[in-house]
Amino acid sequence: MIIIKRTQKIKDLVNKSHLDGNKIGFVPTMGALHDGHISLIKKSKSQNSLTICSIYVNPTQFNNIIDLNKYPVTLEKDIDKLEMADCDILFLPSTEEMYMNNEIKEHYDLGMLEHILEGKYRPGHFQGVCTIVDKLLKAIKPNTLYLGKKDYQQCMVINKMITDKKYEVRLEICETIREPRGLAMSSRNLRLNEVEKIDALKIIETLINIKKDIKPGNLEEIKINATKYLTKNGYKVDYTEIADAATLEIVSDWDGKAKLVALVAAYLNNLRLIDNIIL
Ligand code: PAF
């Protein structure tokens, strides 16, 4: 695997690679890689002649400095995992290059996606995500971008950004990879102790209960019950919501036809967990 740190170097390499007729698949990450990330790498490997992974803990998408400082960094292990997965190139940009001092900050119009769910509880987060993904796409110019469905709203936000900015990139949203008992894989899980790993299963249980209990009509009660279940189990809940799977518009009354997604964000002790399932 080739490791590249300079933006100009990755630009030169991908330009040459495009000229040579390669299809480039790109997996952006913030490191602390797990099997979810590796499944994206493998998907990209199966569809492209060149797979690029980036690792960059992007400061502008953290709305909480403590969360940023505690974000797990496991670069040596990440490199091993990427080599095992046969990733072709690892891009490790620096903050100096990603955020030049005199650069004018771009504002992305994300419509209502900016203000609901994650947007409501993590103000500015999606602007930061778009800023960095925009920069990475400009440098790497991939044919396909691979993202995990666990960050459902992030996928929709990035989809809007690439559509609005007319990027010629196909977005492939890949299934969430789970631990054997159902916990969605996440870099932040490294911060869970053994007891918390068991308690964290309540998140997927809540989502499965919603899927089991949902019926057409008013959905308030089912959402309230989901919140109560998590609160009773020691969580501090940001939201338990049901939304249209295509638009992420919150659904209060279900006609029994629209495809829905249930989403949860809640704190287990000091760790914020998110997950979702299609209903
Ligand atoms: O999902 C992530 O890890 C990050 O939000 C991303 C897409 C790599 C942008 O920093």
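Read the numbers this way: they start at 1 and go in the same order the structure lists the ligands and their atoms. Keep in mind that the numbers below use all heavy atoms, side chains included, and drop hydrogens, waters and symmetry copies.
Sparse packing is recorded around CD1 of I66, with 12 or fewer heavy atoms of other residues, nucleotides or ligands lying under 6.0 Å away.
Residue contact check: T29 has heavy atoms under 4.0 Å from atoms 8 (C) of ligand 1. Using a 4.0 Å cut-off to heavy atoms of I132, the atoms of ligand 1 that qualify are 9 (C), 10 (O). Close approach to P28 involves these atoms of ligand 1, each under 4.0 Å from a residue heavy atom: 8 (C). Each of the following atoms of ligand 1 lies closer than 4.0 Å to a heavy atom of Q61: 4 (C), 5 (O), 9 (C), 10 (O).
Annotation: cation-pi geometry satisfied between K135 and Y99 (NZ/CZ under 6.0 angstrom from ring centroid, within 45° of ring axis).
For ligand 1, the polar-atom distance check finds an N/O of Q154 within less than 3.5 Å of one of the ligand's N/O atoms. Not one N or O of N58 is nearer than 3.5 Å to an N or O of ligand 1, by distance alone.
Here the side chain of T176 pairs a donor or acceptor atom with the backbone of K150 at under 3.5 angstrom.
Distance OG1/T74 to NZ/K81: 6.0 Å, rounded to 0.5 Å.
K45 and D88 are joined by a salt bridge, as a carboxylate oxygen and a charged side-chain nitrogen come within less than 4.0 angstrom of each other.
In this structure, the protein non-hydrogen atom closest to atom 3 (O) of ligand 1 is M30 CG, 3.6 Å.
Across all their heavy atoms, P142 and F26 have their closest contact at CB-CB, 3.5 Å.
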